[in-house]
Protein chains: 4
Amino acid sequence: MMSSLQSLRQIISTFKSIPKFDRTMQHLKVISAGNGKVHCEMPVHDEHVNLQGGLHGGMSATLVDFVSTCALGTCENPRFGVSVDLNVSYTAAAAVGDTLTITSEVLKVGKTLGFATVDIKNQDGKLIATGRHTKFLSH
Amino acid sequence: MMSSLQSLRQIISTFKSIPKFDRTMQHLKVISAGNGKVHCEMPVHDEHVNLQGGLHGGMSATLVDFVSTCALGTCENPRFGVSVDLNVSYTAAAAVGDTLTITSEVLKVGKTLGFATVDIKNQDGKLIATGRHTKFLSH
Amino acid sequence: MMSSLQSLRQIISTFKSIPKFDRTMQHLKVISAGNGKVHCEMPVHDEHVNLQGGLHGGMSATLVDFVSTCALGTCENPRFGVSVDLNVSYTAAAAVGDTLTITSEVLKVGKTLGFATVDIKNQDGKLIATGRHTKFLSH
Amino acid sequence: MMSSLQSLRQIISTFKSIPKFDRTMQHLKVISAGNGKVHCEMPVHDEHVNLQGGLHGGMSATLVDFVSTCALGTCENPRFGVSVDLNVSYTAAAAVGDTLTITSEVLKVGKTLGFATVDIKNQDGKLIATGRHTKFLSH
(Lines give C-alpha, C1' and ligand atoms only; values in the text may rest on other atoms or scores of the structure.)
Protein backbone atom coordinates (compact mmCIF):
# COMPACT_ATOMS: atom_id res chain seq x y z
CA MET A 1 0.00 0.00 0.00
CA MET A 2 1.28 3.42 -0.92
CA SER A 3 1.81 6.14 1.65
CA SER A 4 0.11 9.52 1.33
CA LEU A 5 3.43 10.94 0.22
CA GLN A 6 3.87 8.39 -2.56
CA SER A 7 0.26 8.77 -3.70
CA LEU A 8 0.44 12.54 -3.90
CA ARG A 9 3.75 12.47 -5.76
CA GLN A 10 2.34 9.97 -8.24
CA ILE A 11 -0.80 12.03 -8.87
CA ILE A 12 1.17 15.25 -9.35
CA SER A 13 3.62 13.51 -11.70
CA THR A 14 0.72 13.01 -14.15
CA PHE A 15 -0.21 16.71 -14.21
CA LYS A 16 2.34 17.80 -16.82
CA SER A 17 0.71 15.63 -19.47
CA ILE A 18 -2.98 16.26 -18.79
CA PRO A 19 -4.83 19.17 -20.36
CA LYS A 20 -6.70 20.07 -17.15
CA PHE A 21 -6.49 22.99 -14.74
CA ASP A 22 -4.49 20.80 -12.33
CA ARG A 23 -1.62 21.26 -14.80
CA THR A 24 -1.04 24.57 -12.97
CA MET A 25 0.18 22.40 -10.04
CA GLN A 26 2.72 20.39 -12.06
CA HIS A 27 5.79 21.97 -10.43
CA LEU A 28 4.65 21.26 -6.88
CA LYS A 29 7.06 19.01 -4.97
CA VAL A 30 5.57 17.24 -1.97
CA ILE A 31 8.22 17.10 0.77
CA SER A 32 6.10 15.37 3.41
CA ALA A 33 2.49 14.31 3.82
CA GLY A 34 0.56 12.50 6.53
CA ASN A 35 -1.85 12.86 9.44
CA GLY A 36 -3.56 15.91 8.04
CA LYS A 37 -0.38 17.82 7.24
CA VAL A 38 1.27 18.43 3.89
CA HIS A 39 4.50 20.32 3.18
CA CYS A 40 5.35 21.27 -0.42
CA GLU A 41 7.86 23.36 -2.30
CA MET A 42 7.47 25.07 -5.66
CA PRO A 43 9.80 27.28 -7.67
CA VAL A 44 7.97 30.28 -9.15
CA HIS A 45 8.03 30.04 -12.94
CA ASP A 46 6.75 32.37 -15.66
CA GLU A 47 3.54 30.34 -15.90
CA HIS A 48 2.67 31.24 -12.27
CA VAL A 49 2.91 35.00 -12.51
CA ASN A 50 0.81 37.89 -13.79
CA LEU A 51 1.69 40.45 -16.44
CA GLN A 52 3.57 42.52 -13.85
CA GLY A 53 5.72 39.51 -12.94
CA GLY A 54 4.25 38.82 -9.49
CA LEU A 55 2.81 35.50 -8.30
CA HIS A 56 -0.76 35.58 -9.65
CA GLY A 57 -3.53 35.86 -7.06
CA GLY A 58 -5.37 33.07 -8.85
CA MET A 59 -2.29 30.86 -8.60
CA SER A 60 -2.07 31.45 -4.83
CA ALA A 61 -5.78 30.64 -4.52
CA THR A 62 -5.25 27.46 -6.54
CA LEU A 63 -2.39 26.46 -4.23
CA VAL A 64 -4.70 27.01 -1.23
CA ASP A 65 -7.37 24.88 -2.93
CA PHE A 66 -5.08 22.05 -4.01
CA VAL A 67 -2.69 21.69 -1.07
CA SER A 68 -5.56 21.77 1.47
CA THR A 69 -7.30 19.07 -0.58
CA CYS A 70 -4.09 17.03 -0.36
CA ALA A 71 -3.98 17.56 3.42
CA LEU A 72 -7.59 16.40 3.82
CA GLY A 73 -6.67 13.35 1.72
CA THR A 74 -3.97 12.31 4.21
CA CYS A 75 -6.43 11.93 7.08
CA GLU A 76 -7.59 8.58 8.32
CA ASN A 77 -10.39 7.38 6.04
CA PRO A 78 -9.43 9.94 3.43
CA ARG A 79 -12.41 11.35 1.63
CA PHE A 80 -12.50 13.75 -1.22
CA GLY A 81 -15.27 16.13 -2.00
CA VAL A 82 -16.23 19.51 -3.33
CA SER A 83 -15.27 23.01 -2.29
CA VAL A 84 -17.68 24.99 -0.12
CA ASP A 85 -15.74 28.13 0.81
CA LEU A 86 -12.23 29.37 0.16
CA ASN A 87 -10.48 32.54 1.24
CA VAL A 88 -7.03 34.02 0.78
CA SER A 89 -5.21 37.00 2.29
CA TYR A 90 -2.30 38.32 0.26
CA THR A 91 0.51 39.61 2.48
CA ALA A 92 3.56 39.97 0.21
CA ALA A 93 4.68 39.59 -3.39
CA ALA A 94 6.70 36.75 -4.90
CA ALA A 95 8.41 36.65 -8.28
CA VAL A 96 10.02 34.28 -10.77
CA GLY A 97 13.06 32.75 -9.11
CA ASP A 98 11.56 32.58 -5.66
CA THR A 99 10.98 29.16 -4.14
CA LEU A 100 7.73 28.85 -2.24
CA THR A 101 7.03 26.56 0.66
CA ILE A 102 3.37 25.67 0.93
CA THR A 103 2.13 24.01 4.10
CA SER A 104 -1.37 22.88 4.89
CA GLU A 105 -2.90 21.61 8.09
CA VAL A 106 -6.33 20.09 8.59
CA LEU A 107 -8.30 22.00 11.23
CA LYS A 108 -11.27 19.67 11.51
CA VAL A 109 -12.76 16.69 9.73
CA GLY A 110 -16.37 15.97 10.60
CA LYS A 111 -19.01 13.69 9.11
CA THR A 112 -19.60 15.91 6.10
CA LEU A 113 -17.28 18.92 6.33
CA GLY A 114 -13.53 19.32 6.36
CA PHE A 115 -11.56 22.50 7.08
CA ALA A 116 -7.89 23.15 6.36
CA THR A 117 -5.55 26.11 6.43
CA VAL A 118 -2.68 26.86 4.02
CA ASP A 119 0.37 29.11 4.37
CA ILE A 120 2.50 30.12 1.39
CA LYS A 121 5.96 31.46 2.30
CA ASN A 122 9.05 32.34 0.29
CA GLN A 123 12.59 30.96 0.77
CA ASP A 124 13.21 33.52 3.53
CA GLY A 125 10.18 32.42 5.53
CA LYS A 126 8.22 35.54 4.62
CA LEU A 127 4.48 34.95 4.42
CA ILE A 128 3.24 35.53 0.85
CA ALA A 129 -0.36 34.43 1.29
CA THR A 130 -2.52 32.48 3.70
CA GLY A 131 -5.95 30.96 3.28
CA ARG A 132 -8.55 28.49 4.42
CA HIS A 133 -10.63 25.96 2.55
CA THR A 134 -13.87 24.31 3.62
CA LYS A 135 -14.91 21.17 1.72
CA PHE A 136 -18.00 19.01 1.68
CA LEU A 137 -16.71 15.45 1.99
CA SER A 138 -18.40 12.69 0.05
CA HIS A 139 -18.47 9.08 1.18
CA MET B 1 -9.06 56.74 -26.96
CA MET B 2 -10.12 53.16 -26.43
CA SER B 3 -13.13 52.27 -24.32
CA SER B 4 -12.86 49.91 -21.36
CA LEU B 5 -14.46 47.22 -23.50
CA GLN B 6 -11.89 47.60 -26.31
CA SER B 7 -8.99 47.73 -23.87
CA LEU B 8 -10.05 44.59 -22.02
CA ARG B 9 -10.64 42.68 -25.25
CA GLN B 10 -7.22 43.72 -26.54
CA ILE B 11 -5.47 42.66 -23.32
CA ILE B 12 -7.22 39.29 -23.23
CA SER B 13 -6.45 38.67 -26.91
CA THR B 14 -2.75 38.57 -25.99
CA PHE B 15 -3.22 35.89 -23.31
CA LYS B 16 -3.13 32.88 -25.63
CA SER B 17 0.44 33.63 -26.63
CA ILE B 18 1.99 34.56 -23.30
CA PRO B 19 3.43 31.95 -20.95
CA LYS B 20 1.91 33.54 -17.81
CA PHE B 21 -0.85 32.47 -15.44
CA ASP B 22 -3.21 34.92 -17.18
CA ARG B 23 -3.25 32.40 -20.01
CA THR B 24 -5.93 30.61 -17.94
CA MET B 25 -8.20 33.55 -18.87
CA GLN B 26 -7.64 33.31 -22.64
CA HIS B 27 -11.17 32.06 -23.43
CA LEU B 28 -12.92 34.89 -21.59
CA LYS B 29 -15.14 37.00 -23.85
CA VAL B 30 -15.94 40.46 -22.54
CA ILE B 31 -19.54 41.27 -23.50
CA SER B 32 -19.72 44.68 -21.85
CA ALA B 33 -17.54 46.80 -19.57
CA GLY B 34 -17.88 50.25 -18.07
CA ASN B 35 -18.68 52.26 -14.95
CA GLY B 36 -17.50 49.58 -12.55
CA LYS B 37 -19.36 46.73 -14.19
CA VAL B 38 -18.07 43.94 -16.39
CA HIS B 39 -20.02 41.13 -18.04
CA CYS B 40 -18.15 38.18 -19.57
CA GLU B 41 -18.87 34.78 -21.04
CA MET B 42 -16.65 31.73 -21.14
CA PRO B 43 -17.19 28.21 -22.45
CA VAL B 44 -15.85 25.58 -20.03
CA HIS B 45 -13.01 23.69 -21.70
CA ASP B 46 -10.90 20.75 -20.53
CA GLU B 47 -8.20 23.14 -19.37
CA HIS B 48 -10.61 24.66 -16.79
CA VAL B 49 -11.69 21.49 -15.02
CA ASN B 50 -10.30 19.15 -12.38
CA LEU B 51 -9.59 15.43 -12.68
CA GLN B 52 -13.26 14.65 -11.96
CA GLY B 53 -14.37 16.90 -14.83
CA GLY B 54 -15.85 19.74 -12.77
CA LEU B 55 -14.90 23.40 -13.04
CA HIS B 56 -11.75 23.66 -10.87
CA GLY B 57 -12.10 25.64 -7.64
CA GLY B 58 -8.86 27.41 -8.49
CA MET B 59 -10.25 28.40 -11.89
CA SER B 60 -13.34 29.92 -10.25
CA ALA B 61 -11.12 31.79 -7.81
CA THR B 62 -9.00 33.05 -10.73
CA LEU B 63 -12.16 34.28 -12.49
CA VAL B 64 -13.14 36.14 -9.30
CA ASP B 65 -9.65 37.66 -9.14
CA PHE B 66 -9.42 38.64 -12.80
CA VAL B 67 -12.93 39.83 -13.63
CA SER B 68 -13.10 41.96 -10.46
CA THR B 69 -9.75 43.49 -11.44
CA CYS B 70 -11.27 44.30 -14.85
CA ALA B 71 -14.30 45.91 -13.16
CA LEU B 72 -12.06 48.06 -10.95
CA GLY B 73 -10.19 49.06 -14.11
CA THR B 74 -13.37 50.45 -15.70
CA CYS B 75 -13.91 53.02 -12.95
CA GLU B 76 -13.18 56.67 -13.44
CA ASN B 77 -9.45 57.19 -12.89
CA PRO B 78 -8.80 53.49 -13.23
CA ARG B 79 -6.09 52.27 -10.94
CA PHE B 80 -4.62 48.85 -10.71
CA GLY B 81 -3.06 47.35 -7.67
CA VAL B 82 -2.46 44.25 -5.64
CA SER B 83 -4.83 41.77 -4.04
CA VAL B 84 -5.55 42.08 -0.32
CA ASP B 85 -8.33 39.56 0.31
CA LEU B 86 -10.32 37.21 -1.89
CA ASN B 87 -13.10 34.79 -1.04
CA VAL B 88 -15.26 32.36 -2.98
CA SER B 89 -18.36 30.32 -2.13
CA TYR B 90 -18.99 27.33 -4.37
CA THR B 91 -22.70 26.71 -4.88
CA ALA B 92 -22.97 24.31 -7.84
CA ALA B 93 -20.86 22.33 -10.29
CA ALA B 94 -20.13 23.16 -13.92
CA ALA B 95 -18.63 20.90 -16.57
CA VAL B 96 -17.04 20.96 -20.03
CA GLY B 97 -19.65 22.18 -22.49
CA ASP B 98 -21.29 24.62 -20.09
CA THR B 99 -21.07 28.31 -20.92
CA LEU B 100 -20.41 30.53 -17.94
CA THR B 101 -21.49 34.13 -17.53
CA ILE B 102 -19.22 36.03 -15.18
CA THR B 103 -20.36 39.42 -13.93
CA SER B 104 -18.51 41.75 -11.63
CA GLU B 105 -19.59 44.93 -9.93
CA VAL B 106 -17.46 47.39 -8.01
CA LEU B 107 -18.78 47.89 -4.47
CA LYS B 108 -16.51 50.73 -3.42
CA VAL B 109 -13.44 52.54 -4.62
CA GLY B 110 -11.69 54.63 -1.99
CA LYS B 111 -8.34 56.37 -1.84
CA THR B 112 -6.39 53.17 -1.38
CA LEU B 113 -8.83 50.26 -1.38
CA GLY B 114 -11.24 48.88 -3.95
CA PHE B 115 -13.87 46.19 -3.40
CA ALA B 116 -15.73 44.22 -6.07
CA THR B 117 -18.06 41.24 -6.16
CA VAL B 118 -18.21 38.51 -8.82
CA ASP B 119 -20.97 36.05 -9.74
CA ILE B 120 -20.34 33.01 -11.95
CA LYS B 121 -23.49 31.45 -13.43
CA ASN B 122 -24.13 28.77 -16.04
CA GLN B 123 -26.22 29.09 -19.22
CA ASP B 124 -29.39 28.38 -17.21
CA GLY B 125 -28.72 31.22 -14.78
CA LYS B 126 -27.76 28.83 -11.97
CA LEU B 127 -25.19 30.28 -9.59
CA ILE B 128 -21.97 28.25 -9.77
CA ALA B 129 -19.79 30.40 -7.51
CA THR B 130 -19.71 33.88 -6.02
CA GLY B 131 -16.89 35.83 -4.46
CA ARG B 132 -15.45 39.15 -3.42
CA HIS B 133 -12.08 40.73 -3.99
CA THR B 134 -10.43 43.55 -2.05
CA LYS B 135 -7.49 45.30 -3.72
CA PHE B 136 -4.96 47.87 -2.63
CA LEU B 137 -4.95 50.47 -5.40
CA SER B 138 -1.69 52.09 -6.39
CA HIS B 139 -1.42 55.56 -7.83
CA MET C 1 -50.32 29.80 10.32
CA MET C 2 -47.97 32.75 10.71
CA SER C 3 -46.07 34.22 7.80
CA SER C 4 -42.29 34.47 7.81
CA LEU C 5 -42.66 38.17 8.50
CA GLN C 6 -44.88 37.64 11.55
CA SER C 7 -42.66 34.85 12.89
CA LEU C 8 -39.48 36.89 12.60
CA ARG C 9 -41.07 39.93 14.23
CA GLN C 10 -42.36 37.79 17.09
CA ILE C 11 -38.95 36.17 17.67
CA ILE C 12 -37.12 39.52 17.61
CA SER C 13 -39.69 41.06 19.99
CA THR C 14 -38.49 38.63 22.67
CA PHE C 15 -34.83 39.65 22.34
CA LYS C 16 -35.00 42.70 24.60
CA SER C 17 -35.86 40.54 27.61
CA ILE C 18 -33.49 37.62 27.12
CA PRO C 19 -29.95 37.66 28.45
CA LYS C 20 -28.45 36.09 25.30
CA PHE C 21 -26.22 37.41 22.53
CA ASP C 22 -29.27 37.77 20.28
CA ARG C 23 -30.14 40.76 22.44
CA THR C 24 -27.73 42.68 20.19
CA MET C 25 -30.41 42.29 17.48
CA GLN C 26 -33.28 43.74 19.55
CA HIS C 27 -33.59 46.97 17.52
CA LEU C 28 -33.89 45.20 14.18
CA LYS C 29 -37.18 45.92 12.40
CA VAL C 30 -38.16 43.39 9.74
CA ILE C 31 -39.80 45.28 6.86
CA SER C 32 -40.42 42.28 4.61
CA ALA C 33 -39.54 38.60 4.58
CA GLY C 34 -40.33 35.73 2.27
CA ASN C 35 -39.01 33.45 -0.49
CA GLY C 36 -35.42 33.65 0.63
CA LYS C 37 -35.31 37.42 0.98
CA VAL C 38 -35.39 39.58 4.09
CA HIS C 39 -35.34 43.37 4.35
CA CYS C 40 -34.70 45.02 7.72
CA GLU C 41 -34.02 48.45 9.16
CA MET C 42 -32.12 49.36 12.28
CA PRO C 43 -31.23 52.70 13.85
CA VAL C 44 -27.64 52.79 15.07
CA HIS C 45 -27.60 53.18 18.85
CA ASP C 46 -24.77 53.56 21.34
CA GLU C 47 -24.88 49.85 22.05
CA HIS C 48 -23.91 49.07 18.41
CA VAL C 49 -20.77 51.18 18.17
CA ASN C 50 -17.14 50.94 19.22
CA LEU C 51 -15.17 53.29 21.48
CA GLN C 52 -14.53 55.62 18.52
CA GLY C 53 -18.28 55.89 17.84
CA GLY C 54 -18.40 53.86 14.62
CA LEU C 55 -20.59 50.84 13.95
CA HIS C 56 -18.64 47.95 15.54
CA GLY C 57 -17.19 45.39 13.12
CA GLY C 58 -18.54 42.65 15.38
CA MET C 59 -22.01 44.18 15.18
CA SER C 60 -21.87 44.19 11.37
CA ALA C 61 -20.71 40.56 11.41
CA THR C 62 -23.58 39.70 13.76
CA LEU C 63 -26.05 41.38 11.39
CA VAL C 64 -24.63 39.29 8.53
CA ASP C 65 -24.99 36.14 10.66
CA PHE C 66 -28.51 36.86 11.92
CA VAL C 67 -30.23 38.38 8.89
CA SER C 68 -28.90 35.65 6.57
CA THR C 69 -30.21 33.06 9.04
CA CYS C 70 -33.60 34.79 8.84
CA ALA C 71 -33.47 34.67 5.03
CA LEU C 72 -32.66 30.94 5.04
CA GLY C 73 -35.61 30.51 7.44
CA THR C 74 -38.02 32.01 4.91
CA CYS C 75 -37.32 29.35 2.28
CA GLU C 76 -39.72 26.54 1.56
CA ASN C 77 -39.17 23.82 4.16
CA PRO C 78 -37.26 26.20 6.39
CA ARG C 79 -34.42 24.55 8.18
CA PHE C 80 -32.11 26.03 10.70
CA GLY C 81 -28.61 24.92 11.36
CA VAL C 82 -25.13 25.92 12.33
CA SER C 83 -22.66 28.34 10.81
CA VAL C 84 -19.90 26.98 8.61
CA ASP C 85 -18.24 30.09 7.16
CA LEU C 86 -18.90 33.80 7.40
CA ASN C 87 -17.13 36.75 5.82
CA VAL C 88 -17.56 40.51 5.85
CA SER C 89 -16.02 43.36 3.85
CA TYR C 90 -16.20 46.77 5.49
CA THR C 91 -16.66 49.54 2.93
CA ALA C 92 -17.74 52.63 4.92
CA ALA C 93 -18.37 53.85 8.45
CA ALA C 94 -21.73 54.36 10.15
CA ALA C 95 -22.45 56.22 13.39
CA VAL C 96 -25.10 56.72 16.05
CA GLY C 97 -28.08 58.38 14.39
CA ASP C 98 -27.71 56.59 11.07
CA THR C 99 -30.46 54.21 10.04
CA LEU C 100 -29.24 51.02 8.43
CA THR C 101 -31.07 48.92 5.89
CA ILE C 102 -30.00 45.30 5.99
CA THR C 103 -31.04 43.03 3.14
CA SER C 104 -30.30 39.37 2.74
CA GLU C 105 -30.87 37.03 -0.16
CA VAL C 106 -30.46 33.27 -0.23
CA LEU C 107 -28.02 32.19 -2.93
CA LYS C 108 -28.53 28.44 -2.71
CA VAL C 109 -30.22 25.91 -0.48
CA GLY C 110 -29.11 22.35 -1.01
CA LYS C 111 -29.60 19.13 0.94
CA THR C 112 -27.19 20.09 3.68
CA LEU C 113 -25.79 23.54 2.92
CA GLY C 114 -27.35 26.97 2.58
CA PHE C 115 -25.64 30.14 1.33
CA ALA C 116 -26.89 33.71 1.72
CA THR C 117 -25.52 37.18 1.12
CA VAL C 118 -26.14 40.31 3.22
CA ASP C 119 -25.77 44.01 2.37
CA ILE C 120 -25.76 46.71 5.04
CA LYS C 121 -26.41 50.23 3.73
CA ASN C 122 -27.08 53.58 5.39
CA GLN C 123 -30.08 55.88 4.84
CA ASP C 124 -28.37 57.35 1.74
CA GLY C 125 -27.96 53.96 0.12
CA LYS C 126 -24.21 53.91 0.76
CA LEU C 127 -22.81 50.43 1.29
CA ILE C 128 -21.44 50.08 4.85
CA ALA C 129 -20.61 46.37 4.81
CA THR C 130 -21.36 43.26 2.81
CA GLY C 131 -20.92 39.62 3.67
CA ARG C 132 -21.80 36.02 3.01
CA HIS C 133 -22.80 33.21 5.33
CA THR C 134 -22.67 29.46 4.71
CA LYS C 135 -24.71 27.26 7.04
CA PHE C 136 -25.02 23.53 7.57
CA LEU C 137 -28.75 22.85 7.61
CA SER C 138 -30.12 20.26 9.99
CA HIS C 139 -33.26 18.26 9.32
CA MET D 1 4.99 53.38 30.65
CA MET D 2 2.43 50.63 30.64
CA SER D 3 3.02 47.33 28.87
CA SER D 4 0.65 46.03 26.21
CA LEU D 5 -0.70 43.59 28.77
CA GLN D 6 -1.47 46.32 31.32
CA SER D 7 -3.01 48.60 28.68
CA LEU D 8 -5.30 45.92 27.31
CA ARG D 9 -6.41 44.86 30.79
CA GLN D 10 -7.17 48.45 31.69
CA ILE D 11 -9.19 49.06 28.52
CA ILE D 12 -11.21 45.87 28.96
CA SER D 13 -11.87 46.68 32.64
CA THR D 14 -13.90 49.70 31.48
CA PHE D 15 -16.16 47.65 29.18
CA LYS D 16 -18.62 46.52 31.85
CA SER D 17 -19.72 50.09 32.50
CA ILE D 18 -19.93 51.46 28.96
CA PRO D 19 -23.06 51.13 26.87
CA LYS D 20 -21.16 50.22 23.67
CA PHE D 21 -20.85 47.04 21.65
CA ASP D 22 -17.42 46.43 23.23
CA ARG D 23 -19.38 45.48 26.36
CA THR D 24 -19.70 42.05 24.72
CA MET D 25 -15.96 41.67 25.43
CA GLN D 26 -16.18 42.48 29.17
CA HIS D 27 -15.43 38.92 30.35
CA LEU D 28 -12.26 38.60 28.29
CA LYS D 29 -9.15 38.02 30.43
CA VAL D 30 -5.86 38.86 28.75
CA ILE D 31 -3.26 36.28 29.86
CA SER D 32 -0.37 37.61 27.82
CA ALA D 33 0.19 40.24 25.15
CA GLY D 34 3.23 41.48 23.26
CA ASN D 35 5.14 41.40 19.98
CA GLY D 36 2.07 40.82 17.85
CA LYS D 37 0.67 37.98 19.96
CA VAL D 38 -2.23 38.00 22.40
CA HIS D 39 -3.54 35.12 24.53
CA CYS D 40 -6.92 35.47 26.26
CA GLU D 41 -9.39 33.36 28.19
CA MET D 42 -13.13 33.78 28.51
CA PRO D 43 -15.78 31.74 30.27
CA VAL D 44 -18.89 31.29 28.11
CA HIS D 45 -21.83 33.01 29.79
CA ASP D 46 -25.51 33.24 28.85
CA GLU D 47 -24.88 36.59 27.21
CA HIS D 48 -22.54 34.95 24.65
CA VAL D 49 -24.88 32.25 23.36
CA ASN D 50 -27.78 31.96 20.95
CA LEU D 51 -31.32 30.76 21.64
CA GLN D 52 -30.17 27.14 21.28
CA GLY D 53 -27.48 27.65 23.92
CA GLY D 54 -24.45 27.52 21.66
CA LEU D 55 -21.74 30.19 21.39
CA HIS D 56 -23.25 32.75 18.97
CA GLY D 57 -21.62 33.05 15.56
CA GLY D 58 -21.67 36.82 15.97
CA MET D 59 -19.86 36.51 19.30
CA SER D 60 -17.13 34.40 17.71
CA ALA D 61 -16.81 36.94 14.90
CA THR D 62 -16.57 39.73 17.49
CA LEU D 63 -13.81 37.83 19.31
CA VAL D 64 -11.93 37.52 15.99
CA ASP D 65 -12.38 41.26 15.40
CA PHE D 66 -11.41 42.40 18.89
CA VAL D 67 -8.56 40.05 19.79
CA SER D 68 -6.86 40.57 16.41
CA THR D 69 -7.15 44.32 16.95
CA CYS D 70 -5.46 43.84 20.33
CA ALA D 71 -2.67 41.82 18.68
CA LEU D 72 -2.07 44.52 16.07
CA GLY D 73 -1.95 47.02 18.95
CA THR D 74 0.95 45.17 20.58
CA CYS D 75 3.25 45.62 17.58
CA GLU D 76 6.06 48.12 17.54
CA ASN D 77 4.60 51.53 16.68
CA PRO D 78 1.10 50.29 17.45
CA ARG D 79 -1.50 51.76 15.15
CA PHE D 80 -5.20 51.32 15.22
CA GLY D 81 -7.49 51.55 12.28
CA VAL D 82 -10.59 50.27 10.61
CA SER D 83 -11.65 46.82 9.50
CA VAL D 84 -11.28 45.90 5.84
CA ASP D 85 -12.11 42.18 5.72
CA LEU D 86 -12.96 39.58 8.32
CA ASN D 87 -13.71 35.89 7.98
CA VAL D 88 -14.56 33.06 10.36
CA SER D 89 -14.82 29.28 9.97
CA TYR D 90 -16.91 27.54 12.61
CA THR D 91 -15.55 24.10 13.44
CA ALA D 92 -17.29 23.03 16.69
CA ALA D 93 -19.87 24.17 19.21
CA ALA D 94 -19.25 25.67 22.67
CA ALA D 95 -21.77 26.17 25.46
CA VAL D 96 -22.26 27.97 28.75
CA GLY D 97 -19.72 26.63 31.21
CA ASP D 98 -16.97 26.14 28.67
CA THR D 99 -13.85 28.25 29.02
CA LEU D 100 -12.48 29.54 25.75
CA THR D 101 -8.87 30.35 24.96
CA ILE D 102 -8.54 32.95 22.27
CA THR D 103 -5.15 33.49 20.67
CA SER D 104 -4.24 35.95 17.98
CA GLU D 105 -1.07 36.39 15.99
CA VAL D 106 -0.16 39.20 13.63
CA LEU D 107 0.68 37.87 10.16
CA LYS D 108 1.90 41.10 8.60
CA VAL D 109 2.00 44.80 9.36
CA GLY D 110 2.75 47.00 6.37
CA LYS D 111 2.55 50.72 5.77
CA THR D 112 -1.23 50.78 5.57
CA LEU D 113 -2.51 47.24 6.11
CA GLY D 114 -2.32 44.80 8.99
CA PHE D 115 -3.33 41.13 8.96
CA ALA D 116 -3.90 38.88 11.98
CA THR D 117 -5.28 35.41 12.60
CA VAL D 118 -7.37 34.27 15.60
CA ASP D 119 -8.04 30.78 16.99
CA ILE D 120 -10.82 30.11 19.51
CA LYS D 121 -10.46 26.81 21.38
CA ASN D 122 -12.27 25.26 24.34
CA GLN D 123 -10.71 24.00 27.60
CA ASP D 124 -9.86 20.66 25.91
CA GLY D 125 -7.93 22.36 23.13
CA LYS D 126 -10.67 21.65 20.58
CA LEU D 127 -10.89 24.29 17.85
CA ILE D 128 -14.25 26.09 18.05
CA ALA D 129 -13.67 28.75 15.40
CA THR D 130 -10.82 30.34 13.49
CA GLY D 131 -10.66 33.55 11.50
CA ARG D 132 -8.61 36.30 9.96
CA HIS D 133 -8.90 40.05 10.09
CA THR D 134 -7.43 42.62 7.71
CA LYS D 135 -7.29 46.22 8.94
CA PHE D 136 -6.43 49.52 7.36
CA LEU D 137 -3.99 51.17 9.77
CA SER D 138 -4.18 54.89 10.32
CA HIS D 139 -1.24 57.03 11.28
Side-chain angles (χ1 to χ4, degrees), chain C residues 11-12 14-15 17-25 27-28 44-69 73 80-96 118 128-136 138, chain D residues 11-12 14-15 18-25 27-28 44-69 73 80-96 118 120 128-136 138:
Chain C
I11 292 167
I12 293 169
T14 68
F15 286 174
S17 50
I18 54 160
K20 308 267 181 176
F21 196 75
D22 292 285
R23 196 176 205 165
T24 58
M25 296 291 109
H27 296 293
L28 204 64
V44 180
H45 289 304
D46 249 3
E47 69 196 73
H48 306 135
V49 302
N50 56 34
L51 303 180
Q52 289 77 43
L55 182 68
H56 195 293
M59 180 64 192
S60 298
T62 305
L63 285 167
V64 170
D65 175 300
F66 184 75
V67 182
S68 60
T69 296
F80 292 90
V82 296
S83 293
V84 175
D85 274 289
L86 183 140
N87 61 56
V88 191
S89 292
Y90 299 90
T91 50
V96 173
V118 177
I128 304 303
T130 184
R132 282 199 319 279
H133 190 193
T134 304
K135 296 197 80 169
F136 182 81
S138 48
Chain D
I11 292 167
I12 293 169
T14 69
F15 286 174
I18 55 160
K20 309 266 182 178
F21 195 76
D22 291 287
R23 197 175 203 165
T24 57
M25 296 292 108
H27 297 293
L28 205 63
V44 179
H45 289 304
D46 250 3
E47 68 196 73
H48 306 134
V49 301
N50 56 34
L51 302 180
Q52 289 77 43
L55 182 68
H56 196 292
M59 180 65 192
S60 298
T62 305
L63 285 167
V64 170
D65 175 299
F66 183 75
V67 182
S68 60
T69 297
F80 292 90
V82 296
S83 293
V84 174
D85 275 289
L86 182 140
N87 61 55
V88 190
S89 292
Y90 298 90
T91 50
V96 173
V118 176
I120 303 175
I128 303 302
T130 183
R132 283 199 316 279
H133 190 192
T134 305
K135 298 197 81 169
F136 182 81
S138 48

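Quick note on labels: first sequence line is chain A, next is B, and so on, each numbered from 1.
Note on G57(C), S60(C), A61(C): by heavy-atom pairs under 4.5 Å with chain D, the leading option is G57(C). Ranked by heavy-atom pairs under 4.5 Å with chain D, the list T134(C), T62(C), D85(C) is led by D85(C). If you tally non-hydrogen atom pairs under 4.5 Å between each of I18(C), D46(C), N87(C) and chain D, the highest count goes to D46(C).
For a residue to count as touching a neighbouring chain, one of its non-hydrogen atoms must lie under 4.5 Å from one of that chain's; by this rule D65(D) touches chain C with the side chain only. Within the 4.5 angstrom heavy-atom criterion, no atom of F66(D) approaches chain C.
Listed here is the closest heavy atom pair of N50(C) and D22(D): CA-OD2, 3.3 Å. Minimum interatomic distance between K20(D) and V49(C) (heavy atoms only, all atoms of both residues): CB-O, 3.4 Å.
Put simply, the side chain of Y90(C) does not reach to within 4.5 Å of the side chain of V82(D), judged on heavy atoms. Using a 4.5 Å cut-off on side-chain heavy atoms (C-beta onward), M59(C) and T24(D) make no contact.
Ring planes of F21(C) and F21(D): perpendicular class, angle over 60° (limits at 30 and 60°).
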